[in-house]
Amino acid sequence: MTTTTAPRFNLFWFSSPQTFFPLAGRLIPWFIGLAVILTLIGLYISFAVAPTDATQGESYRIIFIHVPAAWMSMFLYVVMAFWAAMGLAFNTRLSSMMATAIAPTGALMTFLALWTGALWGRPTWGAYWVWDARLTSELILLFLYLGFIALQAAIDDRRRADKAGAVLAIIGVINVPIIYFSVKWWNTLHQGASVSVKGSSMATTMLWGMLIMALAFWMYSIAAVLYRVRTLILEREKRADWVRELAAQGRLK
Amino acid sequence: MTWGGWDAFWSMGGYGLYVWGSYAMVVAVVAIEIWQLKSRRRAADNEVKRESARARSTA
């Protein structure tokens with residue numbers, strides 16, 4: 001027996017740019033709002049509640065942006081590679097656009113992790129930069145993001161650009177566990193993880209400041225990626241009937 | 001945490017340059033990304049308008 005009614009819930013339903021465009025548009029203000037509120041709370045804890053560190057003094061306060069940026073840089077890469085792989089496997093247009101939309105924000109987070117790390121390294125280690133495993137693998141992550149962006153920009157044919165980018169993104173995933181475990185696998189200047197499944201080695205208020213700032217960075221990243229993917233949808237589907245209809249009705253916002 | 005005045009807050013125990021240099025870069029980079037996101041979106045909107053106008057004129 002065959003049925004003509006569509007299933008009530010189907011993940012592929014959202015994989016159509018036409019249905020995702022308005023959905024993303026409705027979600028963005030919520031993520032912006034959450035990002036702003038969490039940033040305000042996070043900064044308050046980071047500067048008004050968290051105490052001075054016993055060994056590092058006030059320089060440790062860089063942690064409240066350094067760790068969130070570093071976490072997001074790795075997490076966004078995995079999500080980018082996931083969507084790139086989905087695009088490669090199922091040929092869904094939106095998946096590849098998601099990967100393309102994540103790359104600039106991921107590169108931004110990686111740059112911030114390196115920059116804040118350098119400014120933290122100088123007072124604590126006496127050097128802005130050392131060629132150590134953690135720092136070097138994070139720098140490679142930045143090059144992977146920039147390579148992905150440059151490769152996609154260099155290929156005119158969209159489908160080929162998506163495929164080539166996907167292959168690069170998937171191969172590069174190997175670098176993420178290398179970054180994460182580098183402080184265990186090699187002797188490095190960089191300190192080990194302060195937070196693990198077993199618990200945390202930090203003062204409670206410091207930990208809360210860091211976690212709330214990490215959530216704020218997360219919400220910001222989601223908002224930025226959704227905003228960018230909507231622009232990509234418009235760029236790629238500008239000749240589609242649904243885009244013209246929305247534009248004619250003035251409902252493109 | 002009590003700072004005992006704005007001077008102490010801005011100097012961050014002598015690490016002001018490093019701490020504020022970090023936070024300022026976050027603000028700068030985020031501002032650039034938001035500006036870039038908006039200008040690219042504006043360009044896409046204009047492109048859609050041009051496409052619709054062309055479709056109407058040839059229809």
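Within every chain, numbering begins at 1; the chains are lettered A, B, ... in the order of the sequence lines, protein sequences first and strands thereafter.
Per-residue heavy-atom pair counts under 4.5 Å with chain B were compared for A/Pro51, A/Pro123, A/Pro104, A/Ala248, and the maximum is reached by A/Pro123. When the candidates A/Ile62, A/Leu246, A/Thr205 are compared by the number of heavy-atom contacts under 4.5 Å with chain B, A/Ile62 comes out ahead. Interface check for chain A: of the options B/Arg40, B/Lys49, B/Gln36, the most heavy-atom pairs under 4.5 Å are formed by B/Arg40.
Chain B is approached within less than 4.5 Å, heavy atom to heavy atom, by A/Ala224, A/Tyr227, A/Arg228, A/Arg230, A/Thr231, A/Leu232, A/Leu234 from residues 221-234 of chain A, ordered by number.
The contact between B/Phe9 and chain A is made entirely by side chain atoms (from C-beta outward), counting heavy-atom distances below 4.5 Å. Within the 4.5 angstrom heavy-atom criterion, only backbone atoms of A/Gln56 (N, CA, C, O) approach chain B. Both the backbone and the side chain of A/Phe47 have a heavy atom closer than 4.5 Å to some heavy atom of chain B. Of the two parts of A/Ala69, neither the backbone nor the side chain holds a non-hydrogen atom closer than 4.5 Å to a non-hydrogen atom of chain B. Only the side chain of B/Tyr15 comes within contact range of chain A, with at least one heavy atom under 4.5 Å from a heavy atom of that chain. Of the atoms belonging to A/Tyr220, it is side-chain heavy atoms, and not backbone ones, that fall under 4.5 Å from chain B. Contact annotation for A/Leu112: only side-chain heavy atoms (C-beta onward) come within less than 4.5 Å of a heavy atom of chain B.
The pair A/Asp162-A/Arg236 meets the salt-bridge criterion, with a side-chain N (NZ, NE, NH1 or NH2) lying under 4.0 Å from an Asp/Glu carboxylate O.
Atoms CE and CH2, on A/Met109 and A/Trp71 in that order, are 13.5 Å from each other to the nearest 0.5 Å.
A distance-only check finds a donor-acceptor pair linking the side chain of B/Trp20 to the backbone of B/Trp10 [under 3.5 Å]. When atom types are taken as modelled, the side chain of B/Thr2 and the backbone of B/Gly4 share no donor-acceptor pair closer than 3.5 angstrom. A donor-acceptor pair is defined here as one N or O able to donate and one able to accept, closer than 3.5 Å; such a pair exists between the side chain of A/Arg61 and the backbone of A/Ala50.
Test A/Leu144, A/Ile140, A/Thr105, A/Leu142 against A/Thr110 for side-chain contact (heavy atoms from CB on, under 4.5 Å) and you get one pass: A/Leu142.
Residues A/Leu38 and A/Ala216 share a closest heavy-atom pair of CB-CB, 3.7 Å. The minimum heavy-atom distance linking A/Leu252 with B/Arg41 is given by the pair O-NH2, 2.9 Å.
Remark: A/Trp208 CH2 is loosely packed, at most 12 non-hydrogen atoms of other residues, nucleotides or ligands lying under 6.0 Å away. Crowding of A/Tyr44 atom OH: a count of heavy atoms from other residues, nucleotides or ligands under 6.0 Å not exceeding 12.
By the 30° and 60° cut-offs, the orientation of the rings of A/Phe111 relative to A/Trp115 is tilted.
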